[in-house]
Amino acid sequence: MSQPASVPFVASLGDAALPASGIAWLDALRRGQLDAFAAAGLPDTRMEAWKYTALRALGQRRYANGDAQAATRAIDPAAYALPGVDGARLVFVNGVFRADLSALDDLPAGLTLQPLSQALRQDAEPLRFVLSRHEPEQGDAFVRLNAALAGDGVVLRVAAGAKIAAPVHLVFLGAPAEVELAWHLRHVIELGEGAELMLVEHHAAGGEQQHLGTAVGDITLRDSAVLRHVLFQQAATGSSLVRRGRLQLGARAQATLHVLELGGALVRHELRAELVGDGARLDTRGVFMPHGRQHIDTQLAIRHQALGTASESVWRGVADQRGRGVFRGAILVAPGADGSDAGLSNKNLLLSGQAEIDTKPELEIYADEVKAAHGATVGQLDERSLFYLRSRGIPQDEARVLLTAAFCRMVLDDLPNAALREHLAGLLRA
């Protein structure tokens, strides 16, 4: 089920000019994906994957593709600065790479970091497989749109055995423009065997705007690689952001993901993780906090495909005013993935009578000797705890803040970067 191609959103982007690459296979891929997007349109709520996220309002908007002034627009570095994050940096403003804001000099040994546009100009063939392998399913309109129109993004590689000490900072900044813009980025990230990296993915606001951003990324961890990934989203309150990530872990690889979703008007984040090597482990920790009229949709799918794999996911949602949150956490233990250990917990708070959170945990097991558990709750602040704090002289508003912050804080407790951890905790309290 989809919206017809006649809606303004589809019409405005379905006629968009494709990024010119001069690479035959890439130009053909882009044209095919744009035609498929224009024909299928946007998904609607009759599709299970989009049941709780309506796109009717988005479908009535028109966007211009690309930003001619982004390369020279003045940007305050305070918009993306983060404490404890002072390593290599790659910055995009409205989807346009900004070399003047990036920090790419003196990269540590074993780290390759460059914009996708540059990598394609230098040697496109190594990227051919990864850029072609996302096979959109029914309803994957934004994946098709991204495949067609993404002319840039991040290419990050860590050589086998390299241990990158300082966090790598990826910044995606939305800045005011004369018209509403749509921008699209495609990311390719790979850690070699035994490599280690901390990655900070930062979606920030350089001012109020109502742009649309899409991002599709592939992250591959070779055997025994270790990735610590922090994803911090604080986009402008009027913007829309749709992201899809695919994470693949080899044997004994380890990935830890910390997610904070705080900004945006319409936000959807899909993560599909595949534990394909024996002994691989994935831990995810996340908080989403819609307020006002924000809509934040998180789709997490973890697939155990090998022996002795493990995953633990702990997510918290807090909705206030007329905010709406959506969380789907799906775990699948495939045949042959014996000895897997999987757990998922999603607890949610509603701070107003008009707020809403829809949560849907899923668990499928097709292997033997498996430990698995999943659960979800939606409730309100505990009145007894609130009364206890008020009886100690703490005002009601402050007591609510303390209880809510404590409810969310535990997802940050194992973040090893202390300065960044305290900064993010402060934003949660605010």
Side-chain angles (χ1 to χ4, degrees), residues 70 73-108 111 113-115 153-154 156 158 163-175 185 187 189 196-209 213 215 217 219 226-237 239 241 243 245 255-264 267 269 283-289 296 316 405 408-430:
R73 185 173 286 111
I75 299 296
D76 183 356
Y80 56 81
L82 290 175
V85 182
D86 54 3
R89 182 174 65 248
L90 205 60
V91 179
F92 294 83
V93 176
N94 292 347
V96 177
F97 170 62
R98 289 286 296 265
D100 59 317
L101 303 177
S102 301
L104 297 174
D105 296 331
D106 302 319
L107 294 179
L111 174 65
L113 179 63
Q114 60 186 154
V154 175
L156 187 161
V158 182
K163 295 175 172 50
I164 310 303
V168 173
H169 192 188
L170 306 180
V171 179
F172 308 105
L173 194 73
L185 295 171
H187 310 315
I189 298 171
E196 295 186 13
L197 175 72
M198 181 174 182
L199 181 67
V200 179
E201 179 181 341
H202 186 187
H203 299 266
E208 285 303 315
Q209 38 78 16
I219 301 178
V226 177
L227 174 66
R228 299 176 182 87
H229 187 179
V230 177
L231 197 163
F232 171 41
Q233 186 274 116
Q234 198 173 28
T237 54
S239 63
L241 188 60
R243 311 188 305 276
T256 303
L257 175 65
H258 291 84
V259 179
L260 266 71
E261 299 275 10
L262 303 181
V267 175
H269 176 208
D283 293 287
T284 72
R285 310 277 187 265
V287 176
F288 52 95
M289 302 186 73
I296 300 179
R316 297 289 185 263
C408 297
R409 174 63 191 257
M410 58 88 61
V411 305
L412 296 174
D413 285 346
D414 61 347
L415 180 60
N417 187 316
L420 181 59
R421 182 178 66 243
E422 291 308 312
H423 176 74
L424 297 179
L427 292 174
L428 286 178
R429 287 192 298 270

Euclidean distance, [Y] [atom2] relative to [X] [atom1], rounded to 0.5 Å:
X	Y	atom1	atom2	answer
L231	E261	CG	CD	6.0 Å
L82	F232	CG	CZ	6.5 Å
L424	L415	CG	CG	6.5 Å
L170	S102	CG	OG	9.5 Å

Any donor-acceptor N/O pair, [X] side chain to [Y] backbone, under 3.5 Å:
X	Y	value
R89	L101	yes
N94	A175	yes
R98	R73	yes

field: Reference residue H258; test side-chain hydrogen bond (donor to acceptor under 3.5 Å, both in side chains); the match among D414, T284, N417
entry: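 In the set D414, T284, N417, the residue that makes a side-chain hydrogen bond (donor to acceptor under 3.5 Å, both in side chains) with H258 is D414.
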
field: Positive for side chain to side chain contact (heavy atoms under 4.5 Å, CB included) with F172, one of V154, L241, L90
entry: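 Exactly one candidate clears the test, V154.
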
Flag the pair [X] / [Y] as yes when at least one side-chain heavy-atom distance between them is below 4.5 Å, and no otherwise.
X	Y	result
F92	V171	no
R421	R409	yes
L412	M410	no
L227	L199	yes
L262	I296	no

message: Salt bridge or not between R429 and E422? Use side-chain N to carboxylate O under 4.0 Å.
response: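 Looking at E422 together with R429, the answer is no, because their closest N to O distance does not fall below 4.0 Å.
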
- prompt: What's the verdict on side chain to side chain contact (heavy atoms under 4.5 Å, CB included) for L420 and V200, showing C-alpha distance, side-chain angles and the deciding distance?
  reply: CA-CA 10 Å; L420 181 59; V200 179; 4.1 Å; yes

Enumerate, atom names and distances included, each donor-acceptor pair closer than 3.5 Å involving a side-chain atom of residues 201-209, sequence neighbours excluded.
from	atom 1	to	atom 2	distance (Å)
E201	OE1	H229	NE2	3.1
E201	OE2	H203	NE2	2.9
H202	ND1	Y80	O	3.4
H202	ND1	H169	NE2	3.2
E208	OE1	T237	OG1	3.0
Q209	OE1	H211	N	2.8

